[in-house]
*Asks:* 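Take a look at this one; I'll ask things after.
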Amino acid sequence: MGFGKGCHLHLIDGSAFIFRAYHALPPLTRKSDGLPIGAVSGFCNMLQRYIEDNAGPDAPTHVAVIFDHSGKSFRNDLYDQYKANRPPAPEDLKPQFPLTRDATRAFNIACKEIEGFEADDIIATLACQARAASGRCTIISSDKDLMQLVGDGVEMLDAMKNKRIDREGVIEKFGVGPERVVDVQALAGDSVDNVPGAPGIGIKTAALLINEYGSLEDLLDRAEEIKQPKRRQTLIEKRDQIELSKQLVQLDCDMALDFTLDDLEVQDADPEKLLGFLAEMELRTLIKRAADKLGVEAPSLPEPALAAAEDASAAEDIPFDAAKYEWVKDRAALDRWIAAIYKRGYVAVDTETNSLDEMVAELAGICLSVEPGEACYIPVGHKKGASDDLFGGEELQEDQLPLTEVLDALQPMLEDPAILKIFQNAKYDCKVFANYKIAVTPVDDTMLLSYALHAGEHNHGMDALSERYLNHQPIPIKTLIGSGKSMITFDKVAIADALPYAAEDADITLRLWQLFKPKLHRRQVSTVYETLERPLVPVLAQMERYGIKVDRDTLSRMSNAFAQKMAGLEAEIHELAGQEFNVGSPKQLGEILFDKLELPGGKKGKTGAYATGVDILEDLATEHALPGLVLDWRQLSKLKSTYTDALQTHINAETGRVHTSYVQTGANTGRLSSTDPNLQNIPVRSEEGRRIREAFVAEEGKALISLDYSQVELRILAHIADIDALKEAFRDGRDIHAMTASEVFGVPLDEMTSEIRRRAKAINFGVIYGVSGFGLARNLRIPRGEAQDFINRYFERFPGIRTYMDDTKEFAKTHGYVQTLFGRKIHTPEINAKGPRASFAYRAAINAPIQGTAADIIRRAMIRMPEAIKDLPAKMLLQVHDELIFEVEDSAVDATIAAAREVMQGATEPAIKLDVPLIVDAGRGANWAEAH
DNA sequence: AAATTCACG
DNA sequence: GACGTACGTGAATTTC
């Protein structure tokens with residue numbers, strides 16, 4: 001068929017596909033020889049998806065992928081600086097360029113590039129030919145340089161956003177129609193391609209001028225008429241540069257091609273060619289997908305490749321089948337499973353209980369799996385519903401082995417050092433077993449494997465991991481126990497219903513383990529997992545089980561005092577407002593402040609509600625008495641509801657202590673988080689809040705001690721960024737903020753004021769977070785320009801910090817992650833996004849190695865701590881990021897401080913020798929307020 | 001369930 | 001040239 005009316009040509013911007021694929025994916029290598037193939041893999045995925053998405057009635061009749069030819073183009077002859085500030089392609093991308101051409105041909109799609117021309121010119125020429133032949137053309141690209149081609153049957157399609165760009169879309173972007181796009185571009189220039197344009201004129205101004213004068217030529221001819229003197233001068237003086245810019249952005253629609261549109265006709269796929277290529281690249285998942293679409297059998301990979309193929313396991317092909325899950329009802333079946341476990345050497349285990357609180361949880365059943373697709377459930381505590389009779393709630397369901405018999409049979413296996421027990425979130429299950437005096441060891445944990453491998457990429461809950469890596473959606477727990485008020489506990493579920501859910505969890509855990517464990521080496525995080533994750537599990541479990549004693553009476557008295565004060569404040573507030581309203585409602589408060597009292601400081605937020613945060617109320621406090629009272633009320637309300645009231649409900653009836661739960665995967669940086677209750681945010685900054693710490697007490701005859709790292713993150717910054725001045729200051733034990741102030745502001749140390757020191761402190765902390773002038777200005781409540789000056793001077797004085805930031809950003813952009821000193825990888829998938837998301841990712845990437853290294857250090861200390869204090873009457877109870885809290889008999893306070901301090905100060909060694917000393921401060925007392 | 005606010009390092 | 005603007009968390013409360 002010759003190309004003509006009714007025909008539809010698709011032109012794919014190949015280079016855009018390659019770069020998008022490269023940056024969107026983590027570095028991926030071919031397993032058999034380590035060849036980098038991340039971009040090729042992503043490129044093939046995009047082509048496959050393109051083909052699947054374009055099979056319908058509007059399918060193209062002709063298609064080609066157009067590439068840039070390597071080397072210079074004719075534009076470099078026009079202007080030697082054209083695209084001169086483009087960084088060279090990353091080393092691991094270069095070998096992939098020819099492979100993407102091979103991939104295109106393997107998909108049986110025409111593949112074109114021409115020496116001395118850019119892909120955009122070939123696309124332009126073909127689009128014009130298609131238009132001349134009365135056919136349609138769709139350009140699959142979002143490159144704004146191609147927008148000049150739109151119109152008259154030519155459209156663009158942004159494949160990522162699946163958004164078509166027509167004439168209207170171009171006008172939206174450039175403010176002019178496609179025929180004037182080059183004029184606007186010539187004026188505005190392009191920093192990415194290094195097109196100079198007219199200095200000081202951007203797209204907005206350019207569109208305004210072009211629309212007023214009709215065309216670039218008319219504008220330049222009549223430049224004398226322009227009113228703004230600066231703009232007039234620019235256009236007159238830079239005429240040559242602007243005309244050159246137009247030549248650079250103008251695409252060549254009239255290239256001589258050695259092929260015609262007819263050569264681009266869509267061809268049927270050649271399964272052998274395509275699958276052969278994908279097999280050569282060892283892209284397992286894509287082979288299956290492509291074979292499925294083609295309706296042919298997927299070829300098997302060569303054996304070594306199969307064994308190692310990334311993100312694919314033997315388990316992937318084994319279906320999930322609830323019929324293969326076994327209900328263990330008798331002793332013979334249980335013994336059979338135990339024998340199978342000993343034969344295999346490892347087993348995936350999951351426990352079902354009647355509570356999410358491990359301190360009180362009782363076993364409902366145990367699941368085991370040693371082979372993907374096969375699992376069993378051993379119910380031991382399922383009870384009949386309470387509906388039958390008064391005692392029904394305690395009566396056991398049928399066909400369950402006695403709990404003690406099951407535990408006696410399993411205990412030797414669970415404690416056998418030769419048998420590896422695999423869990424998803426091992427800490428929970430180990431604590432449950434600990435309730436039955438069973439010490440499970442050794443243990444692997446798929447949640448922690450995922451965290452070591454994928455921190456920052458996604459969460460590590462089992463449901464999410466299963467969907468992502470096994471392509472399988474587990475049975476939602478809601479279908480068994482319901483949700484909200486009518487929720488029941490798992491031990492009340494009928495065993496027949498519980499079986500498929502529970503056994504599946506062990507099955508999934510085993511499959512995830514088979515997938516993740518070999519990846520530790522390939523991603524080089526084995527040491528992270530083995531030294532920072534795995535050994536921490538028993539340490540945290542022990543701390544949680546000890547808990548910390550909290551005095552209910554103290555909290556209760558404080559609650560009452562807060563309630564009284566709040567009532568008084570509330571009356572005053574209503575008085576001042578002239579009406580009653582809910583002080584706790586930001587919405588109602590906003591209306592009182594800004595509508596009724598007409599205080600300055602209008603709306604904010606996307607919901608249209610007034611913002612009434614502490615910053616705003618503090619500013620308003622100078623205008624009116626009410627905001628200050630609200631702030632006082634809020635502080636009390638927070639203290640009462642979150643602390644003095646809520647903490648009481650967390651006191652364990654049996655132990656009289658509060659048992660928090662640490663989430664080891666809680667923060668992407670390696671920090672822990674603490675929940676139910678969160679004991680990492682107990683008030684300390686305000687005098688009234690700090691008194692809540694008086695309720696955290698030591699037992700009679702014991703004391704609480706607290707040891708915290710002094711300015712650990714700044715020390716790490718000094719080491720990582722290699723700032724001599726900072727390192728020396730730390731080595732000499734000087735006041736680091738005063739030192740910074742004197743360096744940055746030029747004030748001698750003996751003339752230092754607290755205000756200047758405070759500013760330096762804010763800058764020191766800001767730097768760790770990637771602060772902007774705007775942010776520092778807001779924090780210090782100083783003019784923005786002044787804040788920017790501070791920051792500039794800071795970087796001038798400590799240029800190494802700027803270098804660290806630039807290097808970190810560059811590393812994140814090429815690798816997709818950043819690293820701590822101990823090799824922990826924190827992924828930064830958004831670093832190559834554009835807009836504000838990239839800014840957030842950039843600041844997070846700067847902060848992560850610092851915060852993460854600090855987290856690694858205290859983890860190392862915690863892991864060594866039990867051994868260091870084993871002969872002392874002391875227990876480690878809490879961790880608050882840079883602080884550890886112990887309970888110790890009065891007689892051993894000094895010895896414990898000495899032992900713990902030594903472990904903490906030496907925690908980096910022998911792996912790392914820091915250039916700065918780590919200093920640990922210590923306190924002691926009958927309660928946490930005194931100890932801190 | 002989302003948004004807002006505020007407690008901590 | 002515009003846009004947003006300091007990192008990492010968890011919990012309580014109000015609003016939709």
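This structure is a prediction, so every number in the text was calculated from the model and none was measured. Residue numbers begin at 1 in each chain, while the letters A, B, ... track the order of the sequences.
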*Asks:* Classify the nucleic acid contact of T205(A) as base, sugar-phosphate or nothing, counting any heavy atom under 4.0 Å across all strands shown.
*Replies:* nothing
*Asks:* Is it the case that R843(A) places NZ or CZ above or below the six-membered ring of F840(A), under 6.0 angstrom from the centre and within 45 degrees of the axis?
*Replies:* yes
*Asks:* Looking for any heavy atom pair under 4.0 Å, which part of the strands does K638(A) touch: base, sugar-phosphate only, or nothing?
*Replies:* base
*Asks:* Kindly say whether, by distance alone, the side chain of S673(A) makes a donor-acceptor pair under 3.5 Å with the base of dT9(C)?
*Replies:* no
*Asks:* Counting the atoms with a prime plus P, OP1 and OP2 as sugar-phosphate, which does F765(A) contact under 4.0 Å by heavy atoms, base, sugar-phosphate, or nothing?
*Replies:* base
*Asks:* NA contact type, R690(A), heavy-atom cut-off 4.0 Å: base, sugar-phosphate, or nothing?
*Replies:* nothing
*Asks:* Give one of base, sugar-phosphate or nothing for V663(A), where a contact means two heavy atoms less than 4.0 Å apart.
*Replies:* nothing
*Asks:* Would D615(A) and R778(A) pass as an ion pair if we require N to O under 4.0 Å?
*Replies:* no
*Asks:* With sugar-phosphate meaning primed atoms plus P, OP1 and OP2, does G613(A) contact a base, only sugar-phosphate, or nothing at under 4.0 Å between heavy atoms?
*Replies:* sugar-phosphate
*Asks:* Name the nucleic acid region contacted by A854(A), choosing base, sugar-phosphate or nothing; use a 4.0 angstrom heavy-atom cut-off, strictly under.
*Replies:* nothing
*Asks:* Across the strands shown, which category fits I682(A) at heavy-atom distances under 4.0 angstrom: base, sugar-phosphate, nothing?
*Replies:* sugar-phosphate
*Asks:* Quick one: do the H932(A) and E883(A) side chains pair a donor with an acceptor below 3.5 Å?
*Replies:* yes
*Asks:* Please work out if A762(A) contacts a base, only the sugar-phosphate, or nothing of the nucleic acid, heavy-atom cut-off 4.0 Å.
*Replies:* base
*Asks:* With a 4.0 Å limit, can you tell me whether S585(A) has a side-chain N or O closer than that to the phosphate oxygens OP1/OP2 of dT15(C)?
*Replies:* yes
*Asks:* For dA11(C), does either OP1 or OP2 sit under 4.0 Å from a side-chain N or O belonging to N681(A)?
*Replies:* no
*Asks:* Less than 4.0 angstrom between a side-chain N/O of R778(A) and OP1 or OP2 of dT5(C), yes or no?
*Replies:* no
*Asks:* Name the nucleic acid region contacted by V684(A), choosing base, sugar-phosphate or nothing; use a 4.0 angstrom heavy-atom cut-off, strictly under.
*Replies:* sugar-phosphate
*Asks:* Considering only atom P, compute the distance from dC6(B) to dC3(C) and round it to an integer number of Å.
*Replies:* 28 Å
*Asks:* dT13(C) base to R634(A) side chain: any donor-acceptor pair below 3.5 Å?
*Replies:* no
*Asks:* For the residue pair H737(A) and F765(A), categorise the inter-ring angle as parallel (less than 30°), tilted (30 to 60°) or perpendicular (more than 60°).
*Replies:* tilted
*Asks:* Please work out if R843(A) contacts a base, only the sugar-phosphate, or nothing of the nucleic acid, heavy-atom cut-off 4.0 Å.
*Replies:* sugar-phosphate
